[in-house]
**Q** 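Have a look at this one before I ask anything.
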Amino acid sequence: MDSIIVRGGRELSGTIRIAGAKNAALALMPATLLSDEPLTLTNAPRLSDIKTMATLLQSLGAEVTSMQSGKVLGLSSHAVTSTHADYEIVRKMRASNLVLGPLLARHGQAEVSLPGGCAIGARPMDIHITALEAMGASIELRDGYLHATTKGGLRGAVVPLRFASVGATENILMAASLARGTTVIENAAREPEIVDLARCLRAMGAQIEGEGTSRIEIQGVDRLGGATHQVVTDRIELGTYMLAPVIAGGSVECIGGRLELVSAFAEKLDAAGVSVEQTANGLRVARKNGRPHAVDVVTEPFPGFPTDLQAQMMAMLCTAEGTSVLEERIFENRFMHAPELVRMGAHIEVQGGHATVHGVDRLRGAPVMATDLRASVSLILAGLAAEGETVVNRVYHLDRGYEHVEEKLGQVGADIERITAP
Ligand code: UD1
């Protein structure tokens, strides 16, 4: 398995181009199942999770063509031959559950394995199931699979979500687009990736209002057509690279970055004494004077501080001045990077959903292990500030969500290389 070696202590300077959002693309790709006309996605990120979704869609009979080295995806589902999302694919990635809504809406049935994905908590599917049942689906759990059917198709309903789940909002949005009548999602997730999906569905002919707010109204239509859609910028990749110069020192401009995608995160950087400036092409981040200051962070659904930036923020706070408290409210088991950061000399105490980080002057390089996608990149970030060599092992998690991380950080001056396993 590949590993990444980082030798810390270099200041960073230059530009990094931010890719299209993994989490948006993973919801946009299954939208192909709703139509027999082609869907083209531009600005797609080149990641193993995208390949996993392509494999899943192909196993259902969809055609997926990768163009321009993967930056453009052509999807077509004129002949869906299967409604069975197999465990062997689904276990690799939780977002595979996003085929459930579209399959059910267009084909009246779906068998979807319960998902796996990052080991960051139980991550059940009850919110998806309750909503689809309210829309007329019958769903049973048998042999590790959700068996979903509808008699006479899905119908619109008012579906209040007990929690603003991103995946459930996306599944319902897709299902409701082809349901009979009006669906209202109450307490809907408001993430930019939801807005992106709604825009794409609208381009395909769906009637949706209110995306980006907690009440989305969808008027079902008989059929959806084709569309070409540009995937929104990846706000998590953006936030990750914004932290690189804060940790290593220097200044980096993240091309494609927009403040409204990361406002809660940028506010915390500001409070930590970091300069964040919107430029014509993106966001420029620079460490002002010496070490950043400690700040407290609570993860929340958008527009709050994203859980997917919590590990990276913790890596930064390890060398900030003072004591910070991070509270994780989205996932119950998402501090697995903390013991690895401690191996690099960080001073962190974890108690339940809280982590207290006492800033230290300097981290020291060490062999560390990546336990999930965002944890793995947090260790690379920490390595940028560490004395000596940090070897991040098991980086397959990283490749799920970050394209060419060693090239992107290398081009702004980091000393980083990938050791490819024989
Ligand atoms: C999406 C993102 C993921 C991000 C997460 C929270 C994608 C592909 N992934 O994941 O990177 O970390 O949003 O911002 O977009 N829950 C339930 N029952 C359900 C569904 C969810 O209890 O039916 C719980 C989960 O266990 C978790 C929380 O709700 O604790 C958030 O989950 P959700 O918003 O659904 O996240 P995902 O869509 O899986």
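Both ligands and their constituent atoms are indexed starting at 1 by order of listing.
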**Q** Answer yes or no: does an N/O atom from G167 fall short of 3.5 Å to an N/O atom of ligand 1?
**A** yes
**Q** Are K408 and E403 close enough, and set up right, to give a salt bridge (charged side-chain N to carboxylate O under 4.0 Å, His left out), and what steps lead you there?
**A** CA-CA 8 Å; K408 288 191 176 185; E403 58 173 41; 3.6 Å; yes
**Q** Suppose I only count heavy atoms of D308 and a 4.0 Å limit; which atoms of ligand 1 are within that range?
**A** 3 (C), 4 (C), 11 (O), 12 (O)
**Q** Only pairs at least two apart or in different chains count here, so list each ring-ring contact (aromatic ring centres under 6.0 Å, His included) that has a residue in residues 251-277.
**A** F265-F305
**Q** Should the ring pair Y241 and Y402 be called parallel, tilted or perpendicular, given that the plane angle runs from 0 to 90° and is split at 30 and 60?
**A** perpendicular
**Q** Near R162, which atoms of ligand 1 are under 4.0 Å from a heavy atom of that residue?
**A** 17 (C), 18 (N), 22 (O)
**Q** Can an N or O of N23 be found at a distance shorter than 3.5 Å from an N or O of ligand 1?
**A** yes
**Q** Can you find an N or O of E332 that's nearer than 3.5 Å to an N or O of ligand 1?
**A** no
**Q** Should the pair R334-E328 be classified as a salt bridge under the 4.0 Å nitrogen-to-oxygen rule?
**A** no
**Q** Evaluate E170 for polar contact with ligand 1, using N/O atom pairs at a separation under 3.5 Å.
**A** no
**Q** State whether D49 and R94 are salt-bridged, where the test is any N-O pair (Lys NZ or Arg NE/NH1/NH2 against Asp/Glu carboxylate O) under 4.0 Å.
**A** no
**Q** I'd like to check which ligand 1 atoms, numbered from 1 as shown, lie under 4.0 Å from a non-hydrogen atom of R94.
**A** 20 (C), 21 (C), 39 (O)
**Q** Just which atoms of ligand 1 are under 4.0 Å from any heavy atom in A95?
**A** 8 (C)
**Q** Just to be sure I'm reading this right: ignoring hydrogens, which of I194, V166, L161, D126 gets closest to atom 34 (O) of ligand 1? Compare them by their nearest heavy atoms.
**A** V166
**Q** Hey, is ligand 1 close enough to T307 that some N/O pair sits below 3.5 Å?
**A** no
**Q** How about R17: does its CZ atom have over 12 heavy atoms from other parts shown lying under 6.0 Å from it?
**A** no
**Q** Do T279 and E253 get their side chains close enough for a donor-acceptor pair, meaning under 3.5 Å?
**A** yes
**Q** We want to know whether T182 and E217 form a side-chain donor-acceptor pair, criterion being a heavy-atom distance below 3.5 angstrom.
**A** no
**Q** Hey, does F163 come in under 3.5 Å of ligand 1, counting only N/O atoms on both sides?
**A** no
**Q** Could you walk me through whether T233 and R258 pass the side chain to side chain donor-acceptor pair (under 3.5 Å) test, one step at a time?
**A** CA-CA 8 Å; T233 299; R258 283 182 284 124; 4.8 Å; no
**Q** Please determine whether any non-hydrogen atom of E193 lies less than 4.0 Å from an atom of ligand 1.
**A** no
**Q** Find all atoms of ligand 1 within a distance of less than 4.0 Å from any non-hydrogen atom belonging to P124, and give their numbers and elements.
**A** 17 (C), 18 (N), 19 (C), 20 (C), 21 (C), 22 (O), 23 (O), 26 (O)
**Q** N/O of I330 under 3.5 Å from N/O of ligand 1, yes or no?
**A** yes
